[in-house]
Each structure stands twice: as C-alpha cells, then as structure tokens.
Chemist: 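First the structure, which I've put down as structure tokens, then a few questions once you've had a look.
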Amino acid sequence: RSKSAFAPDFIVIGAMKAGTTTLSRYLAQFDEISMSRIKETDYFIEKKNYPLGEDWYRRQFDLSRPLVGEASPNYTKYDIFPGVPERIAGIAPGAKLIFIARDPVARFASHYRHSWSQGHMQVAPADLLASSNGRHMIECSRYGAQIDRYLVHFDRCQLLFLDFDELCRAPQQLCDEVADFLGIARRTIRSELPANTADQIANVPRVLKRAARTTLARKLDHVLPMSTRAWIRAAWSFRKPDAAPTLDAALLDTVSERLREDARHFRDLSGREFSAWRV
C-alpha cells in the first residue's frame with residue numbers, strides 16, 4: 001500500500017444506534033481487514049478530526065492488511081455535519097460504503113435514551129419533537145435523505161445496505177454478505193455481545209468521555225495501546241446510568257408518521273423490505 005495513495009477501502013457510514021460497533025467488531029475478526037484503532041475516527045467531519053490530518057488518520061490502521069476500514073455513524077448526520085460525502089469522495093472515490101439500518105422509530109427511541117444517559121440533553125418527552133434535539137434525532141432516522149447525499153458522489157453499486165434485525169438474528173449470514181461485498185473469503189465469526197448500549201456508555205464518567213474526545217487525546221492516541229484504553233475505561237466505569245423517561249405510544253406514532261415517506265424512499269433505494277419495521 002503506497003503512502004501517497006492511502007485511502008480507506010471501505011467505511012461503515014451508519015446509522016447511529018443500529019449496531020455499527022458490533023458490526024465493526026465482527027469485521028475486525030477477518031484476517032484481511034484492519035479496522036481503525038478508534039472505532040469512530042470522525043476523520044471526514046470538518047468540525048471534528050479532519051484537521052488532525054492524513055498522517056493521524058493513516059496511523060489508525062494496520063497497513064499490512066489488504067483492506068482497511070472504519071465505522072463512523074456521524075457520517076450520516078448531514079444536518080449537523082455537512083460535507084462528509086464530498087470529503088470522502090475527494091480522498092477515497094472508490095471506497096465501498098456500508099449502511100446498517102434499524103427500524104427508524106426504534107432507532108429514534110434508542111438515540112433518545114443514549115443522549116439522556118450520556119448527559120448530552122435532558123429534554124422531556126412532551127417537549128422533544130419541538131426541540132432541536134428531537135429534530136436532529138428525526139433527521140438521523142431519515143435514511144433515504146442521508147443516502148441521497150452519498151448517491152450524488154458514489155455509484156449505487158458502491159453501497160451495501162444491511163438490516164440491524166439480521167445482525168441480531170443471524171450475524172453469520174450478515175457477515176457473509178459483507179465479505180462477498182468486500183471481495184474477501186467468508187469466515188466463521190465468533191459471537192459478539194451487543195456493544196455501546198446506553199447503560200455501558202453511561203457507566204463511564206462524563207469528564208473522562210469529554211477528555212477522550214479532545215484534540216490532544218486524539219493526537220496522542222497512537223501511543224496508547226488499545227488494551228490500555230480498555231483498562232482505563234473499565235477501571236473508571238462506576239457511574240450509575242441515568243434512566244431516560246419513557247417515550248409513550250402517541251409520541252412514537254407521531255415519529256412514525258413523520259418518517260413514513262422517507263422510509264418508503266429508503267426501501268426503494270436499498271431494495272430491501274425491512275418487513276419488521278414499525279414504519
């Protein structure tokens with residue numbers, strides 16, 4: 001792999017709260033693949049790690065592997081992180097893109113629990129849909145609108161659409177599909193437990209999570225082994241999670257109605273039925 005020609009071979013671009021961490025761990029089991037040291041590099045986001053530069057991004061990967069890839073669900077949040085498809089296309093026009101989709105209403109509810117437990121927001125359910133937080137969560141579940149922005153810059157054949165329900169029900173079958181898409185041999189995968197659940201993330205003190213996201217921490221990441229990072233996280237995981245309020249059926253029905261047209265569009269784009277979805 002030539003230094004001047006470096007670019008990721010594939011990127012899991014989303015969706016948030018749809019199993020991207022679990023999928024990333026499955027892909028890391030393939031001998032041909034190097035997943036990034038930081039699961040969410042957020043490199044192609046101007047307001048996040050793009051300013052750290054190509055050398056920082058390159059250090060995230062084991063370049064001795066035939067394929068390198070990452071998983072950053074922030075890449076499908078166009079309402080707050082614009083310009084990502086253009087940036088990826090400028091550096092890796094031939095990259096293969098993987099999008100794993102979850103029932104948009106269930107994803108919305110999971111996003112709410114995640115944001116509450118993380119301390120990112122504490123908007124009451126009655127105020128949620130009128131808030132900027134609620135509007136953002138809706139936009140993250142508009143999969144069709146997110147993917148439309150990629151199809152301006154990438155051919156449809158470069159995208160693979162996966163079903164979160166299949167990841168939970170038949171992960172081997174899903175990983176076989178990914179292997180075929182990436183052009184590598186299928187392999188028997190070891191089972192992975194669900195990752196990055198709201199409770200798991202909430203157990204880590206907020207000050208530690210904020211420190212890990214600073215520019216200095218990102219710059220020094222390559223000198224800190226992943227085993228050490230995992231040990232630090234485990235050692236400090238003592239915070240009791242904050243339980244988010246329950247989103248009632250009427251609110252979720254409203255969310256479903258707002259997402260109905262986009263869900264139809266996304267089914268057309270993906271060619272998948274997603275028959276278990278609420279919308």
Chemist: Closest approach of R149 and H153, non-hydrogen atoms and distance?
Modeler: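 For R149 versus H153, the nearest heavy atoms are O-CD2, 3.3 Å.
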Chemist: Under 3.5 Å, side chain of D155 to main-chain N/O of C157, donor-acceptor pair present?
Modeler: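 Checked: no pair found.
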Chemist: Quick check: closest heavy atoms across D62 and S34, and the distance to 0.1 Å?
Modeler: N-OG, 2.8 Å
Chemist: Do the side chains of M16 and V255 join up, straight or via other hydrophobic residues, at under 4.5 Å, putting them in one cluster?
Modeler: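 No: no chain of side-chain contacts under 4.5 Å links M16 to V255.
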Chemist: Using the ring-ring contact (aromatic ring centres under 6.0 Å, His included) rule, collect all pairs that involve residues 171-191, keeping only residues at least two apart or in two chains.
Modeler: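 Matches after skipping sequence neighbours: none remain.
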Chemist: Does the pair V178 and L160 meet the rule for a side-chain contact (heavy atoms from CB on, under 4.5 Å), with working shown?
Modeler: CA-CA 8 Å; V178 176; L160 174 67; 4.0 Å; yes
Chemist: Can a donor-acceptor pair be found, under 3.5 Å and without considering hydrogens, that links the side chain of K17 to the backbone of R113?
Modeler: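 Between the backbone of R113 and the side chain of K17 there is no qualifying donor-acceptor contact (under 3.5 Å).
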Chemist: Look up atom CH2 in W116 and atom CG in N133, then write down how far apart they are to the nearest 0.5 Å.
Modeler: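 Rounded to the nearest 0.5 Å, the CH2-CG separation comes out at 10.5 Å.
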Chemist: If I compare all heavy atoms of L269 with all of G144, which pair ends up nearest, and what's the gap?
Modeler: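 In this case the closest contact between L269 and G144 is CD1-O, 3.9 Å.
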Chemist: Going from CZ on R142 to CZ on F108, what distance comes out if it is rounded to the nearest 0.5 angstrom?
Modeler: 10.5 Å
Chemist: Should I189 and P171 count as side-chain neighbours, where that means a heavy-atom distance under 4.5 Å?
Modeler: yes
Chemist: For A109 and L247, work out which heavy atoms get closest and say how close.
Modeler: CA-CD1, 3.9 Å
Chemist: Could you walk me through whether L251 and Y112 pass side-chain contact (heavy atoms from CB on, under 4.5 Å), step by step?
Modeler: CA-CA 12 Å; L251 186 150; Y112 179 71; over 6 Å; no
Chemist: Strictly by ring-ring contact (aromatic ring centres under 6.0 Å, His included), give each pair with a member in residues 20-52 just once, sequence neighbours left out.
Modeler: Y43-Y50, Y43-Y57, F44-Y57, F44-Y75
Chemist: Return the set of residues passing side-chain contact (heavy atoms from CB on, under 4.5 Å) with P82 (not counting sequence neighbours), or none when no residue passes.
Modeler: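 side-chain contact (heavy atoms from CB on, under 4.5 Å) list for P82, sorted by chain: empty.
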Chemist: I'd like to check the side chain to side chain donor-acceptor pair (under 3.5 Å) partners of H265; sequence neighbours left out, ordered by chain and number.
Modeler: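 Listed in chain order: D148.
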Chemist: Working to the nearest 0.5 Å, report the span between OG1 of T20 and NZ of K39.
Modeler: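 That separation rounds to 2.5 Å.
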Chemist: Give a yes or no answer on whether the side chain of Q158 reaches the backbone of A95 with a donor-acceptor pair at less than 3.5 Å.
Modeler: yes
Chemist: So which heavy atom on L259 is nearest to which on S141, and how close?
Modeler: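 That would be CD1-CB, 3.6 Å.
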Chemist: Could you tell me if the side chain of D9 sits less than 4.5 Å from the side chain of L182, heavy atoms only?
Modeler: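 With C-beta onward as the side chain, the pair stays apart.
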Chemist: Mind jotting down which residue pairs meet the side chain to side chain donor-acceptor pair (under 3.5 Å) criterion with at least one end in residues 171-185? Sequence neighbours excluded, please.
Modeler: E166-Q173, Q172-D176, E177-R272, D180-R186
Chemist: Sequence neighbours left out, what passes side-chain contact (heavy atoms from CB on, under 4.5 Å) with S115? Give chain and number order.
Modeler: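 S115 satisfies side-chain contact (heavy atoms from CB on, under 4.5 Å) with H111, H120, M121, M137 only.
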Chemist: Among residues two or more places apart or on two chains, list those pairs meeting salt bridge (charged side-chain N to carboxylate O under 4.0 Å, His left out) that have a residue in residues 67-82.
Modeler: none
Chemist: So which atom in A92 and which in A7 form the shortest heavy-atom distance, rounded to 0.1 Å?
Modeler: CB-CB, 3.8 Å
Chemist: What pairs meet the salt bridge (charged side-chain N to carboxylate O under 4.0 Å, His left out) rule with one or both residues in residues 100-112, with sequence neighbours excluded?
Modeler: none
Chemist: Check the side chains of Y78 and E139 for a donor-acceptor pair under 3.5 angstrom, ignoring hydrogens and angles.
Modeler: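 Checked: E139/Y78 side chains pair up, N/O donor to acceptor below 3.5 Å.
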Chemist: Would D55 and R59 pass as an ion pair if we require N to O under 4.0 Å?
Modeler: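 Not counted as a salt bridge, because no side-chain N and carboxylate O are separated by less than 4.0 Å.
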Chemist: For A179, is there any backbone N or O sitting under 3.5 Å from a side-chain donor or acceptor partner on R187?
Modeler: no
Chemist: So how far is it from N74 CG to D42 CG, rounded to the nearest 0.5 Å?
Modeler: 4.5 Å
Chemist: In the structure I gave you, are the side-chain heavy atoms of Q60 and W56 within less than 4.5 Å of one another anywhere?
Modeler: yes
Chemist: Would you say the side-chain atoms of S36 pair up with the backbone N or O of I38, donor to acceptor, closer than 3.5 Å?
Modeler: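 Between the backbone of I38 and the side chain of S36 there is a qualifying donor-acceptor contact (under 3.5 Å).
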Chemist: For S132, check side-chain contact (heavy atoms from CB on, under 4.5 Å) against everything at least two apart and list the hits.
Modeler: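 For S132 the side-chain contact (heavy atoms from CB on, under 4.5 Å) partners, ignoring immediate neighbours, are R135.
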Chemist: Determine whether I91 and E54 make a side-chain contact, defined as any pair of heavy atoms from C-beta on separated by less than 4.5 Å.
Modeler: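 They are not in contact (no side-chain heavy atoms under 4.5 Å apart), so the answer is no.
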Chemist: Tell me, with the steps shown, if L151 and L159 meet side-chain contact (heavy atoms from CB on, under 4.5 Å).
Modeler: CA-CA 9 Å; L151 291 175; L159 280 82; 4.2 Å; yes
Chemist: Do the side chains of L162 and L167 get nearer than 4.5 Å, heavy atoms only?
Modeler: no
Chemist: Dump the intermediate steps for side-chain contact (heavy atoms from CB on, under 4.5 Å) on L129 and R258, then the final yes or no.
Modeler: CA-CA 10 Å; L129 295 182; R258 293 189 183 185; 3.8 Å; yes
Chemist: Any link between I13 and F61 through a network of hydrophobic side chains (Ile, Leu, Val, Met, Phe, Trp, Tyr) touching at under 4.5 Å?
Modeler: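 Yes, same cluster.
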Chemist: State which residues pass side chain to side chain donor-acceptor pair (under 3.5 Å) with R87; sequence neighbours excluded, sorted by chain then number.
Modeler: none
Chemist: Quick one: ring-ring contact (aromatic ring centres under 6.0 Å, His included) partners of F99, sequence neighbours excluded?
Modeler: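 Testing F99 for ring-ring contact (aromatic ring centres under 6.0 Å, His included), a comparison that skips the adjacent residues, returns Y143, F266.
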Chemist: Nearest 0.5 Å please: distance from the CD1 atom of I184 over to the CG atom of L27.
Modeler: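 Atom-to-atom, I184:CD1 and L27:CG are 7.5 Å apart.
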Chemist: Which distance, rounded to the nearest 0.5 Å, do you find between the CG of L67 and the CE of M35?
Modeler: 10.5 Å
Chemist: My understanding is that only residues two or more places apart in sequence, or in another chain, count here; which of them pass salt bridge (Lys or Arg N to Asp or Glu O under 4.0 Å) with D127?
Modeler: none
